[in-house]
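Fair warning: this is a prediction, and the values are worked out from it, not measured in the lab.
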Amino acid sequence: MATWLYRLGIGAHRRRRLVLAAWLAVLTAAVACLVVLGGKLDNEFTIPGSESQQAQDTMAEDFPAAAGTSAQIVFTAPEGQTVTGQRTAAGIQRTLAAAQDAPQVAAVIPPDRAGTVTPDGRTALAQVNYDVDRADLDDGTLDALEETTGAAEEAGLEVSVGGQAYGNGVLTPTVLELLGVAVALGVLVITFGSLLAAGMPLLTAFVGIGIALAGLLTVSNGVTVSSTALSLALMLGLAVGIDYALFVLSRHRGQLARGMTPEESAGRAVGTAGSAVVFAGTTVVIALVGLTVVGIPFLTVMGLSAAVTVLIAVLVAVTLLPALFGFAGDRLTPRPDSRAARRAAREEEQESRETSGDGETGAAKDTAKPPAPVMGKRWAQFVTRRPLLVLLGTVAALVTLAIPAADLRLALPDNGSAAHDTSQRETYDTVEDAFGPGFNGPLLVLAEADARGEAGQRQTAAVAQRLQQLPDVVRVSPPQYAPESGRAVIQVVPDGGPQDESTQDLVDAIRADAGTIERETGAAVSVTGTTAIGIDVSDRLTESLVPFAAVVVGLCLVLLLLVFRSLVVPVKATAGFLLSVAASFGAVVAVFQWGWLADALGVARTGPVVSFLPIVLMAVLFGLAMDYEVFLVSGMREEWVRGGRAREAVVEGAGHASRVVTAAALIMFFVFASFVTSEDAIVKPIAFSLAFGVLVDAFVVRMTLVPAVLAMVGRGAWWLPRALERALPDLDIEGARLETSRQKADEPVAEFTRR
């Protein structure tokens, strides 16, 4: 692979104008398609084939208004007044009449008909039904509904509009979220000491993101794409796009500092660092594509869209970046007095000391003063001095961080997780305080009688009476009956909120009691509605977590076995990955469930964690962890192959790779952390978990735990049974064949010089 990528890098460098034109053409085409076709995001989370979804689809045949999304209008009278007063009641009637004429409204259920007026008469709740899903609401539909509240407000009422029709919108990057890019630029400037070099990773990342997001929005016309999928693609595209370019560019500048020509350096940078980029990107892509095994459409689209974004970032790093190297030429060479040049000189001197033979050069090796070690090397020396103590301390710290994960609860977010200053959050809180949490997430029960006409109506009425007897039921509405089909929709208001365990227990109780209800009444029942669908989605994701984790862990073992041709490295890497994931879960629970630092991080409401976060975190963090594992351990293996000294190889390899890994981890951390400022209840915990996970995995696991373990194991870290070694293909991630071919090419020149 290294040889093929070397040729690719050389070709991109030589044909840089063609490569640049091709990428600009792809970007232009993607943007043009978006402008012409447009795009529409759908934030509905459903599972085709589940009981709740099947009931929802059946219900749509007879009750399109009940099957579609709905909004709520809450009227609150001033202190000392009631909503039933002459002036306030007239204002409510005018508002509801205007709401009935608003775009796409199928039905308006006034408070007196729904029985949703508080005992003190100060608060009333009206429901507005649409016969389409939330994703099919036209732009401006909800704005038009909000404009109908003027009459009630003129009557002195306080009015808020919310409900299920309001959901998480499209993430629009703000100044705080773009701050991550600015910090990334700062890290790159410090790393390279050059604005030209620092700007290249950002430029290539923006090209990849532009193509990926424009393409994703374009295909959203025919495929269900959520705003969370768009946000995840944006976060990953920024993070890996910058990091992959950083790895290749760092190798290129180091080679230029040692006197290599720009063209040869571009090829070798792509052949060596690019090989690691391809492998690391492949692991991320495979892990994200693995989300398809869960069998939930929105999660499949989320994984595939993020995978395509990462794939584009890899292609940009191995083609567009070497083309830009060609345009920059010698200007990327570090200045002679720069840190990069001094670092390259130290590394070259170190290599010379390790490979020099006898005679004059060997004498110089014995008498010359060794160069001062860099910070990464000093840290590796510290870690490997007492490896067992470091290992025990690190594992104990990670296990402690993971303890809260035992309390992990999963659910889909609702309007109770929206920002405090939004209309839907104000409505949610008002309804909860005035009527109870269950009115924010009522259940819909579809009753299908085995008779038609009046007989079927009596059966569905009996079902309603039977449901009223269940525990944790606050109220049951009269059935909406369709005499032609014998079906009825019954609204059941639970005692708890949409995310409460008692609500899930009630759904389970109705389903468990369905057989008894059918025998007693003659009508089959099934539970549906937004709350029930959300419960089914969370249950499916919870069931899929362990099998998905097994797939990811098995993949980790196989891939690292192929790359490092070792048994210890894959086992150690997998254990470290699991520790990182567990610690991240613990931090998420502590912040988003227990409320630690919730105010500081702007968490709108504590409660269950978004149900697909664990699977997304495992998929993404697995790929990113393998990034750092490859770049760090490949340097150690390279030193081992060259010198054959186990502990020294760990220290030297960590010293060479630590600067780039540190910069890459910091960039990823700040990019993910900038999205924690988002008000989106789904994006915020995902961004937090990724930022925390990257920080822990890079600095605690990869740069601390890994050197300690490899130093303890010694030579056994690179052992592989001979039979297995012969059977496995040699991927040559480190580019050893490139180095061998270079030495063979240099031998005739050296021989001629000696003569």
Side-chain angles (χ1 to χ4, degrees), residues 2 5-6 8-10 12-13 16 19-20 23 181 183-209 237-281 312-335 338-344 347 627-628 630-632 634-635 656-668 671 735 738:
L5 287 173
Y6 167 79
L8 180 64
I10 292 288
H13 187 278
R16 47 189 171 273
V19 173
L20 179 60
W23 277 108
V181 178
V183 175
L185 178 60
V187 173
L188 291 170
V189 170
I190 294 173
T191 301
F192 293 124
S194 165
L195 284 175
L196 175 62
M200 276 193 178
L202 289 179
L203 176 62
T204 55
F206 288 151
V207 170
I209 290 172
L238 272 175
V240 302
I242 295 173
D243 273 11
Y244 291 166
L246 165 66
F247 292 132
V248 178
L249 178 58
S250 178
R251 179 65 66 96
H252 177 59
R253 295 188 81 231
Q255 292 168 165
L256 291 178
R258 291 195 287 271
M260 193 176 293
T261 63
E263 181 177 298
E264 177 68 13
S265 178
R268 290 191 175 274
V270 174
T272 53
S275 295
V277 164
V278 169
F279 171 77
I312 292 174
V314 172
L315 294 176
V316 166
V318 298
T319 56
L320 179 58
L321 191 60
L324 295 181
F325 291 166
F327 287 107
D330 291 325
R331 285 177 293 172
L332 286 174
T333 305
R335 297 188 308 273
S338 66
R339 287 180 303 161
R342 293 195 298 270
R343 184 165 48 246
E347 292 176 358
D627 284 0
Y628 303 132
V630 169
F631 288 106
L632 186 65
S634 61
H656 293 329
S658 60
R659 178 181 60 90
V660 178
V661 171
T662 298
L666 289 176
I667 288 171
M668 279 203 178
V671 168
L738 285 179

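- Checking I667, L249, V187, L321 one by one against P201, the side-chain contact (heavy atoms from CB on, under 4.5 Å) holds for a single residue, L249.
- The shortest distance between side-chain heavy atoms of L320 and L20 falls below 4.5 Å.
- Side-chain atoms of T333 do not come within 3.5 Å of backbone N or O of L256 as any donor-acceptor pair.
- Minimum heavy-atom separation, A273 to V248: CB-CA, 3.9 Å.
- Counting heavy atoms from C-beta outward, V240 and M668 have side chains that approach closer than 4.5 Å.
- Side-chain contact, S250 with R659: a donor N or O sits under 3.5 Å from an acceptor N or O.
- Using a 4.5 Å heavy-atom cutoff, the side chains of R16 and L324 are not in contact.
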Run I242 and L188 through side-chain contact (heavy atoms from CB on, under 4.5 Å) and show every step you take.
CA-CA 9 Å; I242 295 173; L188 291 170; 4.0 Å; yes
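- Smallest separation of non-hydrogen atoms from A665 and Y628: CA-OH, 3.3 Å.
- When every heavy atom of A663 is checked against every heavy atom of T191, the shortest pair comes out as CB-OG1, 3.4 Å.
- Here the shortest heavy-atom pairing between G241 and A313 reads CA-CB, 4.0 Å.
- Using a 4.5 Å heavy-atom cutoff, the side chains of V318 and Y244 are not in contact.
- L238 CG to I209 CD1: the interatomic distance, rounded to the nearest 0.5 Å, is 3.5 Å.
- Using modelled atom types, one side-chain atom of Q255 and one backbone atom of S265 make a donor-acceptor pair closer than 3.5 Å.
- Residues T204 and W23 bring no donor and acceptor atom of their side chains to less than 3.5 Å of each other.
- The two atoms that bring R253 and S194 nearest to each other are NH2-CB, 4.0 Å, heavy atoms only.
- The nearest pair of heavy atoms linking P322 to V270 is CG-CG2, 3.9 Å.
- In this view, L185 and V189, A198, L202 satisfy the side chain to side chain contact (heavy atoms under 4.5 Å, CB included) rule, not counting sequence neighbours.
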